[in-house]
Amino acid sequence: MSMIIDGKAVSAKVKENVRDEIAELKKKGITAGLAVIIVGDDPASKVYVRNKKLACEFCGIDSYEYALPAETTQDELISLVKKLNADERVDGILCQLPLPEHIDEKAVIDNISPDKDVDAFHPVNVGRIMIGDYRFLPCTPAGVMELIASTGVEVKGKECVVVGRSNIVGKPMAMLLLHNSGTVTVCHSKTKDLAEHCRKADILVAAVGVPKLITGDMIKDGAVVIDVGVNRLENGKLCGDVDFESAKEKASYITPVPGGVGPMTIAMLMKNTLAAAKMKAAE
Ligand code: GUN
């Protein structure tokens with residue numbers, strides 16, 4: 001039987017710390033602002049954006065929301081990004097993904113100032129992650145690191161297996177584990193024997209977007225299991241990439257979905273916005 005890692009509780013602590021630091025900055029006349037852009041009306045994106053706004057309110061960060069219609073052109077979106085790059089009130093810019101198909105996400109991300117790129121998606125910040133010279137931590141992988149730290153289990157020297165190789169989660173996740181001296185294996189859709197790799201993991205991070213792909217028989221006794229997946233089942237319920245019921249019999253610590261990694265991503269975004277405001281104040 002495993003201990004359930006409470007992402008809501010860990011994220012609340014992170015947000016409280018950000019709130020306290022923002023309050024200190026305000027005493028010095030420094031405010032922090034986050035611009036959030038959403039294009040179209042994808043229901044899941046709307047929920048994320050609403051939660052980001054609520055987190056800003058909690059932390060005392062000014063939030064500026066730009067809800068654009070699905071027909072917005074790439075040029076119009078890039079013009080807005082450039083306007084926000086120059087806006088003194090705005091420390092962080094987040095463009096909610098996915099964008100409608102007619103817009104090239106890369107072109108938009110490339111136009112966000114690296115100094116305001118609180119998602120850490122810009123190639124400059126991705127490169128910085130590679131060499132361990134962080135200004136902004138990639139939100140979801142950084143949230144996972146906080147959750148692992150909350151268990152008291154050290155990453156150093158551990159077999160870490162990341163399932164998934166996306167630019168947003170899998171690749172930066174592998175880097176953060178590596179920087180913390182884990183021995184890291186990255187598995188993906190072409191991996192020959194996924195179960196065999198997973199069974200070696202002391203720390204297993206699943207981020208593939210396949211419901212319940214990782215089952216209890218693929219988990220080493222006592223492993224820490226972190227589930228980044230958010231999949232909507234036909235019955236409308238959310239489930240992760242890990243089959244929670246069988247996995248919890250093997251893991252020492254495990255995250256639930258929802259209530260595990262999800263709240264951490266937003267908390268780390270708040271932390272990055274604070275970092276951006278501090279960077280600007282130090283200029
Ligand atoms: N869509 C899903 N996750 C994210 C995220 O972390 N940042 C942005 N901008 N869009 C997302």
To check you understand the geometry: which heavy-atom pair defines the closest contact between [X] and [Y], and what is its length?
| X | Y | answer |
| --- | --- | --- |
| I5 | P256 | O-CD, 3.2 Å |
| A251 | S2 | O-CB, 2.8 Å |
| A201 | A223 | O-CB, 3.5 Å |
| L77 | C95 | CD2-SG, 4.4 Å |
| K15 | M270 | CG-CG, 4.5 Å |
| S11 | K8 | OG-O, 3.0 Å |

Do the non-hydrogen side-chain atoms of [X] and [Y] ever get within less than 4.5 Å of each other?
| X | Y | result |
| --- | --- | --- |
| P123 | D110 | yes |
| L177 | M145 | yes |
| V228 | D241 | no |
| R232 | L238 | yes |
| C139 | K271 | no |
| V144 | M264 | no |
| R165 | K190 | yes |
| E146 | K13 | no |

- Task: Check which hydrophobic residues are tied to I254 through side-chain heavy-atom contacts below 4.5 Å, counting indirect links as well, and list them.
- Result: I4, V161, V163, L194, L204, V208, V210, L213, I214, M218, I219, V225, V242, F244

- Message: Determine whether E24 and I30 satisfy the following criterion, side-chain contact (heavy atoms from CB on, under 4.5 Å), listing intermediate values before the conclusion.
- Response: CA-CA 9 Å; E24 285 303 312; I30 299 161; over 6 Å; no

- Message: Once ring-ring contact (aromatic ring centres under 6.0 Å, His included) is applied, what residue pairs with a partner in residues 172-222 remain, sequence neighbours excluded?
- Response: Y134-H179

- Hey, could you give me each pair passing ring-ring contact (aromatic ring centres under 6.0 Å, His included) that has a residue in residues 82-114? Not counting sequence neighbours. none

- Which residue pairs pass the side chain to side chain donor-acceptor pair (under 3.5 Å) test when at least one of the two sits in residues 114-128, sequence neighbours left out? D115-R135, D117-N125, N125-R135, R128-D133

Using distance only, find each side-chain donor-acceptor pair of residues 149-157 under 3.5 Å and give its atom names and separation, not counting sequence neighbours.
unit_1, atom_1, unit_2, atom_2, d
S150, OG, L147, O, 2.6
T151, OG1, I148, O, 2.5
T151, OG1, V153, N, 3.0

- Query: When you check the gap from the basic side-chain N to the acidic O, do K280 and E283 get nearer than 4.0 Å?
  - Reply: no

- Item | Residue K26 excluded, over 12 heavy atoms near NZ under 6.0 Å | yes

- Message: Looking at M130, I'd like to know if its CE atom is crowded, meaning that more than 12 non-hydrogen atoms belonging to other residues, nucleotides or ligands lie closer than 6.0 Å.
- Response: no

With sequence neighbours excluded, residues passing side chain to side chain contact (heavy atoms under 4.5 Å, CB included) with [X]:
| X | value |
| --- | --- |
| S166 | I168, V169 |
| D104 | Q74, K106, A107 |
| A67 | I38, E65 |
| K278 | E21, L25, L274 |

Mind listing the side-chain donor-acceptor pairs of residues 57-64 below 3.5 Å, one per line with the distance, residues two or more places apart or on another chain?
none

- Do the side-chain N and O atoms of T73 and D75 include a donor-acceptor pair separated by under 3.5 angstrom? no

- Item | I112 and F121: CA distance, side-chain angles, deciding distance, side-chain contact (heavy atoms from CB on, under 4.5 Å) verdict | CA-CA 9 Å; I112 296 176; F121 289 169; over 6 Å; no

- Task: Applying side-chain contact (heavy atoms from CB on, under 4.5 Å), run through L94 and L269 and close with a yes or a no.
- Result: CA-CA 9 Å; L94 180 137; L269 174 70; 3.6 Å; yes

- Heavy-atom donor-acceptor pair, N180 side chain to L176 backbone, under 3.5 Å: yes

- Spell out, as yes or no, whether a donor-acceptor pair under 3.5 Å connects the side chain of N85 to the backbone of N111. yes

- Message: Evaluate L99 against L97 for side-chain contact (heavy atoms from CB on, under 4.5 Å), listing each step before the verdict.
- Response: CA-CA 5 Å; L99 289 168; L97 304 180; 4.0 Å; yes

- Rounded to the nearest 0.5 Å, how far apart are CD1 of I22 and OG1 of T273? 8.0 Å

- For S252, check side chain to side chain donor-acceptor pair (under 3.5 Å) against everything at least two apart and list the hits. none

Anything under 3.5 Å between a donor and an acceptor, one on a side chain of residues 39-50, the other on a protein residue two or more places apart or in another chain? List them.
unit_1, atom_1, unit_2, atom_2, d
D42, OD2, S45, N, 3.0
D42, OD2, S45, OG, 2.9

